[in-house]
S.K.: 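Before anything else, here's the structure in question.
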Amino acid sequence: MLARVANNLFWMGRYIERSEHIARYLNVNYFSSLDAPNALSQDRQFVLRSMLFMVGNPVEQVEETLEEQKVLYSIGLDPNFPSSILNNVKQARENANSARDLISTELYEAINKFYHFVLKYDPGLFMKSGLHDFTMNVAEMTSVLRGKIRGTLLHDSVYAIIMMGVNIERATQIIRIINTKYNDALNAQGSYGDKFSNSFEWTTLLKCAESYDMMRRFYKKTPTSISTLEFLILNPNCPRSIMNSLNQVYNHVKILDPSRAYNKNTTAFLVGKVRAEYEYKFIEEIEKDIQAFIEQILNSLREISQKMEKEFFNY
């Protein structure tokens with residue numbers, strides 16, 4: 001396989017996963033605010049700022065008033081905004097086109113259908129009343145794509161490369177969502193006699209990661225900062241957790257590099273090192289300085305991605 005084609009497969013997986021997380025974040029934050037127990041979490045400006053913060057475009061001026069339709073269009077369907085769902089889906093399709101002979105017809109057709117659904121979605125409808133329909137369809141179509149990846153591809157190096165991209169991106173997006181909701185929880189605390197550890201934003205965070213039901217079944221109690229962060233960062237059995245994503249990345253890297261020889265310059269070594277560091281961490285250590293942890297794990301994920309590209313995709 002050409003390194004350039006392997007790189008296309010890797011980024012196809014990343015863009016598919018990224019579009020899903022952005023869509024679900026828009027959906028959950030917008031509609032959860034309607035049931036929020038305090039005025040600040042219900043405030044539309046608060047919600048819009050949270051959305052922009054999550055996609056890496058934070059609003060610096062506190063007094064600036066955001067236009068709801070403009071923000072929604074920018075994140076959803078704006079072809080000129082690099083982080084928009086439309087651009088992520090477009091990039092996923094372009095990467096799939098470049099690796100067309102290595103992926104199944106079923107997967108390619110599903111990606112094409114996904115692209116045309118997003119491309120042809122009416123921006124006017126989306127901004128006025130189509131947010132729920134659009135974001136739910138995006139989330140469902142990405143689930144279909146993951147099913148096609150798992151069910152219509154040989155579980156060989158092609159599959160491993162795509163799933164490395166999916167899991168690296170999943171870990172990155174979960175950390176970005178944790179960072180955003182941590183920021184929201186800090187801003188919302190005390191607005192209804194609530195404390196940071198019991199903020200409504202932790203429930204929203206779990207719903208953004210599709211992990212609310214799983215977490216309630218595991219802990220059998222209302223989400224708190226400690227239980228939520230522990231579940232989404234350290235629990236290896238939660239399919240959305242950072243730990244689970246690192247385990248998956250390690251397993252797929254070993255398919256590409258089956259060597260058992262000790263080599264500290266390989267991607268497998270770096271992933272194993274990062275994974276081992278968090279495998280034996282206590283959540284209390286992380287909670288002492290969540291911001292430092294977020295920066296550290298994002299740097300680690302960036303380093304892993306760069307190491308992968310250098311070792312497997314350099315051309």
Side-chain angles (χ1 to χ4, degrees), residues 1-22 25 54-57 82-85 87-96 98-99 102-103 142 145-146 149 157-180 209 232-234 236 239-259 263-279 292-315:
M1 188 192 311
L2 291 173
R4 174 181 54 78
V5 177
N7 191 49
N8 291 138
L9 291 169
F10 177 75
W11 280 100
M12 181 189 79
R14 290 199 69 158
Y15 284 121
I16 289 170
E17 192 71 14
R18 189 177 299 177
S19 60
E20 182 205 3
H21 281 82
I22 294 172
Y25 194 85
M54 189 267 173
V55 296
N57 191 28
S83 299
S84 70
I85 293 170
N87 275 325
N88 280 304
V89 177
K90 184 180 179 182
Q91 291 290 340
R93 182 176 181 260
E94 286 180 2
N95 281 287
S98 301
L102 291 176
I103 61 176
T142 52
L145 290 177
R146 279 198 299 272
I149 291 167
S157 58
V158 170
Y159 174 79
I161 290 167
I162 296 171
M163 292 308 294
M164 281 196 313
V166 167
N167 284 287
I168 280 284
E169 189 62 36
R170 179 174 296 178
T172 303
Q173 291 301 318
I174 291 296
I175 278 294
R176 290 179 72 89
I177 293 171
I178 287 173
N179 188 26
T180 306
L232 287 179
I233 295 171
L234 301 179
R240 298 278 175 177
S241 73
I242 307 301
M243 198 66 230
N244 182 278
S245 294
L246 288 172
N247 289 339
Q248 295 293 328
V249 170
Y250 184 78
N251 292 337
H252 294 306
V253 166
K254 294 305 287 182
I255 293 173
L256 301 181
D257 178 19
S259 170
N263 185 350
K264 64 182 181 181
N265 295 316
T266 62
T267 305
F269 179 87
L270 179 59
V271 176
K273 180 183 175 185
V274 174
R275 188 177 68 147
E277 181 182 351
Y278 295 113
E279 191 173 3
F293 165 78
I294 288 168
E295 290 173 13
Q296 182 185 5
I297 190 68
L298 279 174
N299 286 335
S300 295
L301 291 169
R302 196 176 299 114
E303 193 179 345
I304 289 170
S305 183
Q306 289 170 350
K307 179 76 81 173
M308 271 180 195
E309 294 196 25
K310 187 176 179 181
E311 184 173 351
F312 302 118
F313 314 139
N314 201 13
Y315 60 91

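Counting begins at 1 with the first residue of the sequence.
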S.K.: Answer yes or no: is there an ion pair linking R240 with E20, defined by an N-O contact shorter than 4.0 Å?
M.R.: yes
S.K.: Any donor-acceptor pair under 3.5 Å linking the side chain of R170 with the backbone of P239?
M.R.: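 Side chain of R170 to backbone of P239: a pair is present.
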S.K.: Which atoms form the tightest heavy-atom contact between N88 and S83, and what is the distance?
M.R.: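 Smallest interatomic distance, heavy atoms only, reads ND2-O, 3.3 Å.
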S.K.: In Å and rounded to the nearest 0.5 Å, what is the CG to CD distance from L298 to E303?
M.R.: 13.0 Å
S.K.: Answer whether the closest heavy-atom distance between the side chains of Y278 and I242 falls below 4.5 Å.
M.R.: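 A side-chain contact is absent here, since even the closest heavy-atom pair is not under 4.5 Å.
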S.K.: Given the rule in the side-chain contact (heavy atoms from CB on, under 4.5 Å) test, do E94 and W11 qualify, once you have shown the distances and angles that lead to the verdict?
M.R.: CA-CA 10 Å; E94 286 180 2; W11 280 100; over 6 Å; no
S.K.: Got a second to check how far S98's OG is from R4's CZ, nearest 0.5 Å?
M.R.: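 The CZ atom of R4 is 6.5 Å from OG of S98, to the nearest 0.5 Å.
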S.K.: Has the side chain of N7 got a donor or acceptor atom that lies under 3.5 Å from a matching backbone atom of A3?
M.R.: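 Answer holds: no.
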S.K.: With heavy-atom distances below 4.5 Å as the criterion, would you say the side chains of T267 and K310 are in contact?
M.R.: no
S.K.: Looking at side-chain heavy atoms only, is the closest gap between Y15 and N87 below 4.5 Å?
M.R.: no
S.K.: Is it true that R302 and E295 have a side-chain N and a carboxylate O under 4.0 angstrom from each other?
M.R.: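 Salt bridge between R302 and E295, a charged N being under 4.0 Å from a carboxylate O: no.
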S.K.: Can you tell me if NZ on K307 sees more than 12 non-hydrogen neighbours from other groups inside 6.0 Å?
M.R.: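 More than 12 within 6.0 Å, yes.
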S.K.: Of all the heavy-atom pairs spanning A209 and I174, show the shortest one and how long it is.
M.R.: CB-CD1, 3.7 Å
S.K.: Taking N95 for its side chain and Q91 for its backbone only, find out whether a donor-acceptor pair lies under 3.5 Å.
M.R.: yes
S.K.: Evaluate salt bridge (charged side-chain N to carboxylate O under 4.0 Å, His left out) for E169 paired with R146, printing each intermediate quantity in order.
M.R.: CA-CA 13 Å; E169 189 62 36; R146 279 198 299 272; over 6 Å; no
S.K.: Looking at residues at least two apart in the chain, or sitting in another chain, which of them share a side chain to side chain donor-acceptor pair (under 3.5 Å) with S241?
M.R.: none
S.K.: How long is the gap from CG on L232 to CG on N244, to the nearest 0.5 Å?
M.R.: 11.5 Å
S.K.: For residues 157-168, please give each side-chain donor-acceptor pair under 3.5 Å, one per line with the distance, not counting sequence neighbours.
M.R.:
residue: N167; atom: ND2; partner: M163; partner atom: O; Å: 2.8

S.K.: Could you give me the CA-CA distance, side-chain angles and deciding distance for I233 and I178, then say whether side-chain contact (heavy atoms from CB on, under 4.5 Å) is met?
M.R.: CA-CA 9 Å; I233 295 171; I178 287 173; 3.9 Å; yes
S.K.: List the steps and the verdict of side-chain contact (heavy atoms from CB on, under 4.5 Å) for R14 and T172.
M.R.: CA-CA 10 Å; R14 290 199 69 158; T172 303; 3.9 Å; yes
S.K.: Do T142 and E17 touch side chain to side chain, with heavy atoms closer than 4.5 Å?
M.R.: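 Counting from C-beta outward, T142 and E17 never come under 4.5 Å.
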S.K.: Rounded to the nearest 0.5 Å, what separates atom CE in M308 from atom CG in L270?
M.R.: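 Between M308 CE and L270 CG, I get 9.0 Å after rounding to 0.5 Å.
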S.K.: Report yes if some heavy atom in the side chain of N247 is under 4.5 Å from a heavy atom in the side chain of P236; otherwise report no.
M.R.: yes
S.K.: Please report the shortest heavy-atom distance between A92 and M12, naming the atom on each side.
M.R.: O-CG, 3.6 Å
S.K.: Could you go through L301 and L246, starting from their C-alpha distance and side-chain angles, then the distance that decides it, and tell me whether this counts as side-chain contact (heavy atoms from CB on, under 4.5 Å)?
M.R.: CA-CA 9 Å; L301 291 169; L246 288 172; 4.2 Å; yes
S.K.: Rounded to the nearest 0.5 Å, how far does CZ of R176 lie from CD1 of I294?
M.R.: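 Here the rounded value is 11.0 Å.
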S.K.: Drop me the distance from I297's CD1 to S300's OG, to the nearest 0.5 angstrom.
M.R.: 5.0 Å
